[in-house]
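Here is the structure we will look at, set down as structure tokens.
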Amino acid sequence: MNIAKKTALTSFFLAGTLLLTSCGLGAAASSGEAAISAESVDGTDLPTGVEIDFWHIQATIYGEAITEMVQEFNATNEWGIVVNESFKGSYQELNQAVRAALAGGGAPDVSMAYENDVLEYVANDVIVPLDSYLESDNFGVSEDDLGDLVDGVLARQRVDAYDGHTLSWPHGNSSMGLYYNADLFAEAGIAEPPVDWDEFLAQARQLKETTGLAYAAMGPAKNAVFYNMLRSKGITPYDTGAATTEFTSRESIESLELLSQLFTEELVYTAADTEQEFTNERTATEIGTTARTSTKIDQIGDKFDWSVALTPQETDEPITQLFGGNHVILASADPEQELAAWLFMRWFADTDAQSIYAARTGYSPAVKSALDTPLLSTNYQENPQKADAFENVFVNAQIMPPTAAGNAIDDMVTGIVEEVVLGWVTPQEAAERMDAEATRLLQSAPQN
Amino acid sequence: MGWVTIEALSVSYGDTHVLDDVSLRIPRGSLVAVLGPSGCGKTTLLRAVAGLLPVASGTIRVGGRLVTGPGVQRAPEKRGMGWVPQDASLFPHLSVGENIGFGLPRTKQNDDLYCEPGEASGRVGGLLAGLTRRGRANRARPASGLAGTAAHASPLAAVPISPDRGRQTSRAARIIELATMVGLTELVDRAPSQLSGGQAQRVSLARALAPRPDLMLLDEPFAALDPLLRSALRTEVAALLRGQHNTSLLVTHDQEEALSLADFVAVMRGGKILQFGTPADVYERPVDPWVAGFVGDTVELDGQWKDGRVECALGSLAADWMGVPAVHVKPERERPLGGPMGERGAALTPADGTGVSVLLRPEWLTLGARGSAQPTTDAVVTAIAYAGHDALVSLALGDAEKTAVRARIAAPDLPRIGDRVTLGICQNALAYPLG
Amino acid sequence: MSTVSMMRLRRKRRRLERIWLPTLYLAPTLLLLWAFDIYPIFLSAWMSLWRWGIKAEEFIGLDNYSRVFDEIGSGPGGTPGEVGNSLLVTAFYVVGTVPVTIIIAFVIANMLNSRIRFLAVLRTAYFVPYITSTVAAGLAFVWLLNPQIGVLNSALESVGLPAQQWLLDPEPVGPKVLSMFGIGWSENLPGFLEGPSVALVCVIVFSVWNSLGFAVVIILAGLVTIDPQVKEAARMDGVNSWQMATRITMPLVSPTLFLLLIVSTISSFQSFNEVYVLTSGGGYGAGAGSPLDSTLTLPVLIFRHLYERPSSVGFAAALSMLLFVLVLGVVLLQFRLAERRVHYE
């Protein structure tokens, strides 16, 4: 059907809340304040058999892993909590479903969400902050357990924009790594994956010369690679608090020049599905999410020797992109329901569940202790690339600073980077436009 | 001489032969009616001539130009024929005037769809475009007679800028001319949906006539009209076609229509032409009893041939032997009706005593001996079907079987039922082989 | 029973039949119309006056509308802004799909209407794309157009032509085609003359293919109502095939063609799936409207603001109103222009 109908339908669902919300618009002001205290959490007497809904984006082996974990939780949790999980499509589709449900009813208790979404949810006062649960004596998380979480993973649950609150809890994560075809490398006389971007370019030229192949393919959304370059040079693309950007920095222009060079010399090309290019040996490397390590293991089989390395780095503090959503509790005004949701989330992020998840999928575990479980240690021995993904890449991963303007900035950067690689604009012009646009978008973004 | 010559034409739909070796010649300027019952192939013949359907074999020539033949199938629109379909089939989106002018060539000067017909009429003529049509549009209308010598117009006549403005009629003027001709001048701006059936059929006729076609094809044009209108219109149309000296081929199942309008009638049955001749020829000397019965009422009796006469219930009558199975494809206009059959008839008369079928027209029977060329016989009136101008009188003869015959009697002389009358016969009976 | 009471009863019955019965018959339709068309239009208009995210945030009057106008021409270097670009893309899309579909469909319908072999098979073949799910058909196109492993590129390469990026190519076709013949493009010419992007042309081709069957069937329905005798009469009056199409067939199916024009124009302005599936589905990842927003039609822009931008539901509603007014305007214009050319019997 057409968008007008879609708009109409959404409007229809939103209609129900219209009267209510127009009276109670001021309610959002209370955002960030814990609705309940740690004491009241402790005092909650959870009856057995509370049922909660959990919406996620996982299908295929990921979906199967979720099902397995939820069955495990339902069978073993001491409170008799029953989790009903359901797959809602992509992040975007999940977000649409949640919005519609928030307006029209039937919202789940636990949903996956990215930080940008969390910011909008908290601004609308529809999620429950987790501080009182974390601090709770009966249902909280110990200091040891907090320390067990991978740094970047813990950091993203309590980003600056959350004003000192913890608003989400880990789901399962991945990071941006550099897959390389060791056989092609050997053929071209390349010993190791590149440590910095100069070497990346040199290797790309060497590979082209010796084998005639392109070094990498990049998807149509090249913003992630560009961000990765900036961060590997010690630059954070933008500051959400100050609404300033680093797009016109020397490092940024260097990065754009490199991208332009890679495409002009045809060392890199654009492909819809970069994984297909890599697994079919049309490119020697792929810059992509480590979540796909497991699918690559299936697809490549014995065709060639490969692994995954950290993306090139140019400072002493290696850093790469951290991907994947988190879990949030959607407010239901029912403390028992919300507590049950928290208990499921806590279990999901703990050693046992994460070891199942990491063993079954390409996600890396959120907690280091999962590596010591028999399940995951065996799995990592059998699949050394997954171990490499964790050790080389994942532990260095951090998210980009979240902002409600994130999607808009990403789309804008994607467009301008594309114009650079097409040769439509110079890196300098591109950098200035990115700066101007991003500054405008950051300023106009809803503040928390 | 045939202006339109159809030779050995065959058309089949699958395994069915709809037209079977049909030959026909249409003299220039004449109106030929193809008469036959439904399904006899007459419409197929018309459509084949029009080029609307493919033929299996045979040739069609118009004015010496081959339009259908081995390897030749000239497109309908290039045949220069006018078409008047049964239901008028006017173009519903065009006015009456535009319908009439549809087939006329268009030029910048007079091709304004929305101009009032009167406005354009004063403009310069002689700018007719379209080489293929110019000949047709400029062709002189034959001055008189069937020979139509004007058809072979001098090359000068085809020169576009001819001083003779009468031939260089502008499109709008031609529309008016035709509207006037069919008596619909007032209606040129009407939409076809506002016309009555008769008016629509007139427009259809005017439309077909407008480009001065070499041959007019009329497919039962009056069949859909009510009877009163039908007879009035057909007289009018026949007069009009004659006045224009058009060569026309009319298809009909109505014998009255065919006989009254046509110069020549071709009687068709089962995809074959059984007889071709003048209306009188077909009516008075039908080639077989079926044709006789189809074109008019008959009185049929059994008889025996005896030396140029037949013995039958009416007595011994002078008769013409019709047993020559011949399809007359040439009009034999000059042949005196009822005259001797010539060498062919004489040679093939049957032996005396041969059983024959005797055929008379009811109007050949007369009351009393008046005008009778034959011996008279007595009969009793059993029924009278009164038709105003005359009546069909049923009679029982005086023979053993009390054979029934019918006579068409003029109204003033009508007897009454039960009257004993004397029957005379005013014309030679027709004798056909039995079976 | 007295005459008076009989009459009263009859009048009562008549009133029931004249007023209540029709209302009853209309009720389900009216209810659906109200729920899914009329009410949402008013609601959209209302929402467009708000800053609206997950719920209404702040009443901002006509701010969303002034933002719509701001973003028509606010791009860098005087180029169109996001909304302006989207209007241009929509114009390319509508012009590229509607007339092309109707013309091709008219030709095909005429062919199907004449006696040809395998008529039923062909008719089905043309209609199948229309009843196939746009999404499924779109995914098939995505595969055909895959730059690396797509059938289309292997075909091009097998005849020695360069492979194309198709749905990934944001370059305008104008300069691209001219450069194939060695003709340069002047930078001074206005941007819209360069034409739609290669990717948008791919989407347009898909849309035409996808909607062709519907148009063919509608035109065919119009064609069969034409009396074959009228066409015969025209043929005998000397028209050739081209004149037959322009002077007889076209005027006689003009009510059908006009209906089709209106319906296709509206649905073309509103089409979303076609763009979304081809540019956002199939793992392309760069989002609907990619590459470089060159396939960002107005409905896709509305979608973007409705679902992918913070607190932009109100702005999306304002854009919906723009689309509504735009479609209304274009359709009214079509009515005005076509009035005299449509012949109703």
Side-chain angles (χ1 to χ4, degrees), chain A residues 1-12 14-15 17-18 20-22 25 28 92 95-96 98-99 102-103 116 119-121 123-124 126 217 219-222 269-273 275-277 280 282 403-408 411 414-415 418-419 422 424 429 432-433 436-437 445-446, chain C residues 35-37 39-41 43-44 46-47 50-59 76 142 146-149 165 167-168 170-171 267 269-273 276 280 282-287 289-293 298-300 302-304 306-313 316-317 320 323-324 327:
Chain A
M1 264 290 121
N2 52 55
I3 186 65
K5 288 264 165 63
K6 271 185 185 159
T7 318
L9 269 173
T10 316
S11 315
F12 189 62
L14 285 169
T17 54
L18 182 65
L20 297 173
T21 50
S22 54
L25 279 174
Q92 200 184 57
N95 194 21
Q96 289 158 18
V98 169
R99 280 161 173 260
L102 285 172
N116 294 345
L119 281 172
E120 202 175 351
Y121 292 155
N124 283 279
V126 294
K222 299 181 179 68
Y269 62 89
T270 302
D273 185 344
E275 184 171 65
Q276 288 297 320
E277 306 308 295
N280 289 299
R282 289 192 284 268
T403 159
N407 289 335
D411 284 356
T414 297
E418 197 66 38
E419 291 186 43
L422 287 167
W424 292 4
E429 286 165 354
E432 283 163 16
R433 262 174 60 195
E437 289 276 304
Chain C
F36 294 104
D37 283 307
Y39 177 64
I41 287 173
L43 188 66
S44 286
W46 170 245
M47 288 170 82
W50 288 77
R51 201 163 70 116
W52 195 304
I54 289 171
K55 53 196 179 189
E57 290 169 14
E58 187 188 355
F59 187 84
V142 168
N146 183 298
Q148 277 74 38
I149 54 171
Q165 286 282 72
L167 290 165
L168 299 181
E171 289 194 62
S267 75
F269 266 106
Q270 295 180 335
S271 47
F272 171 80
N273 285 352
Y276 188 80
S280 193
Y284 274 53
S290 72
L292 279 184
D293 287 355
L298 209 43
V300 177
I302 292 170
F303 178 84
R304 176 181 282 182
L306 192 62
Y307 288 122
E308 296 174 11
R309 294 285 183 268
S311 302
S312 274
V313 173
S320 303
L323 180 61
F324 175 73
V327 174

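Just so it is clear: chains get the letters A, B, ... in the order the sequence lines come, proteins before strands, and each one is counted from 1. Because only heavy atoms are used, hydrogens play no part in the values below, and waters and symmetry mates are left out as well, while side chains stay in.
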TODO: Measure the OG1-CG distance between A/Thr414 and C/Leu292 for me, rounded to the nearest 0.5 Å.
DONE: 9.5 Å

Open item on the list: Please check this pair: side chain of A/Glu418 against backbone of C/Pro291, looking for a donor-acceptor N/O pair closer than 3.5 Å.
Closed with: no

- [ ] Would you give the length of the straight line joining atom CD of A/Gln276 to atom CG of C/Asn146, rounded to the nearest 0.5 angstrom?
- [x] 8.5 Å

Open item on the list: Given heavy-atom pairs under 4.5 angstrom as the criterion, report whether the side chain, backbone, both or neither of A/Gln92 touches chain C.
Closed with: side chain

TODO: Answer with side chain, backbone, both or neither: which region of C/Ile41 has an atom nearer than 4.5 Å to a non-hydrogen atom of chain A?
DONE: neither

Task: Minimum-distance pair of heavy atoms, taken over all atoms of C/Gln165 and A/Thr270 - done: NE2-O, 3.1 Å

Open item on the list: Looking at every non-hydrogen atom in both residues, tell me the closest pair between A/Pro220 and C/Leu168 and how far apart they are.
Closed with: CG-CD2, 3.6 Å

Task: Full working for side chain to side chain contact (heavy atoms under 4.5 Å, CB included) between A/Asn95 and C/Tyr307 - done: CA-CA 8 Å; A/Asn95 194 21; C/Tyr307 288 122; over 6 Å; no

TODO: Under the side chain to side chain contact (heavy atoms under 4.5 Å, CB included) rule, what do A/Asn124 and C/Glu57 come out as? Steps first, then yes or no, please.
DONE: CA-CA 8 Å; A/Asn124 283 279; C/Glu57 290 169 14; 4.0 Å; yes

Open item on the list: Would you compute the distance between atom CG of A/Asp411 and atom CG of C/Asp293 and round it to the nearest 0.5 angstrom?
Closed with: 7.5 Å

Open item on the list: For A/Arg99 versus C/Arg309, what's the shortest heavy-atom pair and its separation?
Closed with: NH2-O, 4.1 Å

TODO: With rounding to the nearest 0.5 Å, note down the distance linking CH2 in A/Trp424 to CD in C/Glu171.
DONE: 5.5 Å

Open item on the list: Please classify the contact of A/Glu277 with chain C as side chain, backbone, both or neither, using a heavy-atom distance under 4.5 Å.
Closed with: side chain

TODO: Pick one of side chain, backbone, both or neither for A/Asn407, based on which atoms fall under 4.5 Å of a heavy atom in chain C.
DONE: both

